[in-house]
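In what follows, a single structure is set out as C-alpha cells and then discussed.
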There are 2 protein chains.
Amino acid sequence: MAGQRTAGTKPGDFCAQCGVRNQAVCAPLDIDELAVVESFRSGVRAVPAGAELFAQGEVNTRVYTLLEGWAMLYETLEDGRRQIMEFCLPGAFLGFQIDPERPIAYTAQAISDIRVCTFPRKGLEELFHEKPDMSFRMACIATREQNFAFQHLTSVGRRTAQERVANLLLELFLRIRLTSPDGAGHAIRLPLTQEHIGDALGLTSVHVNRTLRALREDGILTVRDGVLRIMDADRLVEIAGYDPKVHEPRT
Amino acid sequence: MAGQRTAGTKPGDFCAQCGVRNQAVCAPLDIDELAVVESFRSGVRAVPAGAELFAQGEVNTRVYTLLEGWAMLYETLEDGRRQIMEFCLPGAFLGFQIDPERPIAYTAQAISDIRVCTFPRKGLEELFHEKPDMSFRMACIATREQNFAFQHLTSVGRRTAQERVANLLLELFLRIRLTSPDGAGHAIRLPLTQEHIGDALGLTSVHVNRTLRALREDGILTVRDGVLRIMDADRLVEIAGYDPKVHEPRT
DNA sequence: CGCGATTTTGATCAATGTCAAAGGTGGTGG
DNA sequence: CCACCACCTTTGACATTGATCAAAATCGCG
C-alpha cells in the first residue's frame with residue numbers, strides 16, 4: 001500500500017505523497033503549489049501520547065495538520081473540570097486563530113502517538129493570500145467544524161447519557177470507517193478511556209461506565225481492550241438519534 | 001447619528017452606509033468593491049419576530065447578514081427537545097454551508113423583528129473567488145464562531161446551572177455593550193424568555209427561573225420586563241468563570 | 001511481583017427535571 | 001372599556017438522572 005513512497009520516508013515527508021492531503025487545508029492545491037507549501041512549512045513532528053501540541057492560555061505560534069493518530073481539544077476550568085471539544089483524526093487542521101497575539105482558549109493534546117505537519121503561524125496570512133483557494137478551503141473547514149461543534153452541543157445539552165454515548169461512539173465509528181483502509185467489519189480501534197468519553201459528553205467516567213454496561217447488556221455495542229464493536233447498528237442509530245440526511249459525513 | 005444616511009433609507013439599503021459592515025463578511029471590501037457586492041445581493045428583507053429565515057432539513061438557497069434585531073440558531077430532536085446554538089446579533093453571517101445541496105442541520109429564527117441582507121447561495125463561491133479577502137474574512141468569522149461554540153459547549157457540559165446562566169447573561173451583556181450606541185449603564189435590553197435561556201443552556205425554563213431568583217436574591221443581577229441589569233459585576237464575572245484573556249470579545 | 005492507571009460495582013446524595021397550578025401581562029375583539 | 005386569551009413567570013411537591021464517595025477487581029508494564 002505504501003508502494004509509491006520512497007523507501008525510508010514516512011507519511012507527510014513529502015506533500016505530494018501526503019495521505020491526508022485531500023482532507024486537509026492543502027486539498028485545493030495542485031502539485032506545483034504544493035512545492036510552495038512544502039517550503040513554507042516547518043516540517044513534520046512526532047508527538048508522543050499525552051504530550052501537548054499547544055496549551056490553553058499560551059500564544060500559539062504554529063498551526064498543525066494532523067497526519068497520524070488521535071488528538072483532542074479541551075478546555076479546563078480553574079478547578080479542573082474539563083470539557084473535551086473534539087476528538088481529532090488525521091486531516092484535522094489545528095491551532096489556527098484569527099488574532100495570532102491572543103492566547104488560545106483550549107489545549108490540544110495527543111491521545112495516541114501522533115505525527116503532525118507544522119507551519120509557522122507567521123506568514124500564514126500571506127500564504128492564504130497567494131493561494132486564495134486555501135482561504136476558501138479554510139472557510140469550508142471552519143464552517144464544517146462549527147457544524148460539528150453544534151451537533152456536539154445538542155448532544156451535551158439535550159440528550160440523555162445513553163443517547164450521548166451512543167451518538168459519540170457512532171460518530172467515531174463512522175469517521176474512522178470513512179478514512180481507515182482496514183476492512184469493513186463492525187469494529188474499530190478506540191484509544192479512549194471512559195474518562196475521555198465522559199469529559200467529551202459532560203458526564204463522569206463512572207456514569208459512562210454504567211452506560212456502556214447497559215449498552216452492552218442490551219446487545220448494542222461493546223467497548224473492550226480499546227476496541228469498539230457494534231453489535232446492533234440499527235438500534236444504535238436509533239438511540240443515537242442519527243439522521244444521515246443532516247449529519248454530514250466527517251473525516 | 002444617522003446624519004449621513006439619505007432621508008428615507010434604512011440601515012442596509014446601501015452597502016456604503018451599512019451599519020454592520022465592519023462586523024460582517026463585507027468588512028475587507030473597499031467602496032468600489034462594495035458596489036459589486038451590492039449588485040450581487042438579493043436585497044434587504046424584514047422578518048417579523050418568530051418567523052424563520054431557514055429551517056432544519058431544508059436545502060437553503062440563501063445566505064444572510066443580520067442587520068438589525070436578534071435571531072437564534074437551534075436544532076430540534078424528533079421529540080421536540082431543542083438546543084439553541086447561538087443568539088445572533090447584527091453583523092452575524094447566517095446560512096452558509098459548504099455543500100449547497102445538503103439540507104441544513106439547524107433552524108434560524110427571528111427572536112425580535114429583524115432586517116437581513118440577503119444573498120443567493122448560488123454564485124457565492126464565485127464572489128469569494130473574485131474577492132479572496134472575503135474568503136479569508138469568512139474563514140476568520142467561521143473560526144471565531146467555532147471558538148464561541150466551544151465556550152458554549154464547555155458551559156453546557158461542565159458548569160452548574162448558576163454558572164451557565166451567569167456566563168450567558170454576561171456574554172450577552174458584553175456583546176450588546178460592544179455594539180450598541182446607547183449609554184454605558186449596567187442594563188441592556190434582553191428580548192429572551194426564560195425558555196430561550198434554558199434551551200441555550202441545556203436547562204428547563206423552570207430551573208432557569210429558580211436560578212435567576214437565586215442570582216437576584218444574591219444581589220448579582222435582575223432580569224425584569226425584558227431588561228437585564230447587572231448589580232454586582234465582580235461577582236458575576238467570578239461566577240461566570242469569565243477570563244478576559246482568553247474570552248475574545250464578540251460582536 | 002508490584003505499581004499506577006483504568007474499569008467496575010455499590011451506596012448514597014444532590015442537582016435538575018417533571019408535573020401542576022396559580023399569578024401576571026399585554027393584546028384583541030366585542 | 002372590559003373580558004378573554006395566549007403566553008410567560010413563579011412557586012410547590014415530588015421524581016429522576018447522574019454525581020459523589022469509596023472500595024474492589026483488572027490490566028498493562030517495568
Side-chain angles (χ1 to χ4, degrees), chain A residues 48-50 77 79-84 109 111-113 155-169 189-217 221-229 239, chain B residues 48-51 70 72 77 79-84 109-113 155-169 189-217 221-229 239:
Chain A
L77 306 182
D79 62 1
R81 283 175 290 178
R82 175 173 80 163
Q83 176 66 47
I84 297 177
Q109 192 185 50
I111 292 177
S112 61
D113 292 346
S155 249
V156 173
R158 285 307 187 200
R159 290 199 231 256
T160 66
Q162 209 186 45
E163 293 168 337
R164 286 182 226 182
V165 170
N167 191 280
L168 175 64
L169 294 182
R189 185 94 243 289
L190 189 81
L192 305 179
T193 65
Q194 295 177 0
E195 190 160 11
H196 284 130
I197 297 175
D199 282 349
L201 298 179
L203 300 168
T204 58
S205 60
V206 357
H207 200 65
V208 169
N209 185 282
R210 293 191 233 267
T211 305
L212 286 174
R213 169 150 58 104
L215 254 10
R216 172 169 15 97
E217 285 171 357
L221 56 80
T222 65
V223 179
R224 219 181 171 60
D225 305 322
V227 0
L228 161 65
R229 190 175 306 276
I239 294 174
Chain B
W70 289 56
M72 62 180 168
L77 305 183
D79 62 1
R81 283 175 289 178
R82 175 172 80 162
Q83 175 67 46
I84 297 178
Q109 193 186 49
I111 291 176
S112 60
D113 293 345
S155 249
V156 173
R158 286 307 187 199
R159 290 200 232 256
T160 66
Q162 210 187 43
E163 293 168 335
R164 286 182 227 182
V165 170
N167 191 280
L168 175 65
L169 294 182
R189 184 93 243 290
L190 190 80
L192 304 179
T193 66
Q194 295 178 359
E195 190 161 11
H196 284 130
I197 297 175
D199 282 350
L201 297 179
L203 300 168
T204 58
S205 61
V206 358
H207 199 65
V208 169
N209 185 283
R210 294 191 234 267
T211 304
L212 287 174
R213 169 151 57 104
L215 254 11
R216 170 168 17 95
E217 286 171 356
L221 56 79
T222 65
V223 179
R224 219 182 171 59
D225 305 323
V227 359
L228 161 66
R229 189 175 306 275
I239 294 174

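Both backbone and side-chain heavy atoms feed into the values below; hydrogens, waters and symmetry mates do not.
- In this structure, B/His196 atom NE2 and D/dT9 atom P are separated by 10 Å, rounded to whole Å.
- Sequence neighbours left out, the pairs with a member in residues 194-205 of chain A that pass salt bridge (Lys or Arg N to Asp or Glu O under 4.0 Å) are A/Arg82-A/Asp199, A/Asp199-B/Arg158.
- Here the straight-line distance linking atom CG of B/Leu190 with atom CD1 of B/Ile197 works out to 5.5 Å at 0.5 Å rounding.
- D/dT9 atom C1' lies 16 Å from atom CG of B/Leu215, rounded to whole Å.
- B/Arg159 is not listed as a side-chain neighbour of B/Leu168, based on a closest heavy-atom distance of 4.5 Å or more.
- Atoms CG and CD1, on B/Leu192 and B/Ile84 in that order, are 7.5 Å from each other to the nearest 0.5 Å.
- B/Leu212 places its CG atom 13 Å from the C1' atom of D/dC8, with the value rounded to the nearest Å.
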Nucleic acid footprint by protein, nucleotides 9-26 of chain C - heavy-atom cut-off 4.0 Å, B for base, S for sugar-phosphate alone: BBB----BSB--------
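- Side-chain nitrogen and oxygen atoms of A/Gln194 include at least one within less than 4.0 Å of the OP1 or OP2 phosphate oxygen of C/dT8.
- Here the straight-line distance linking atom OG1 of B/Thr211 with atom CD of B/Glu163 works out to 11.0 Å at 0.5 Å rounding.
- Looking at B/Gln109, its side chain does come within 3.5 Å of a backbone N or O of B/Gly50 through a donor-acceptor pair.
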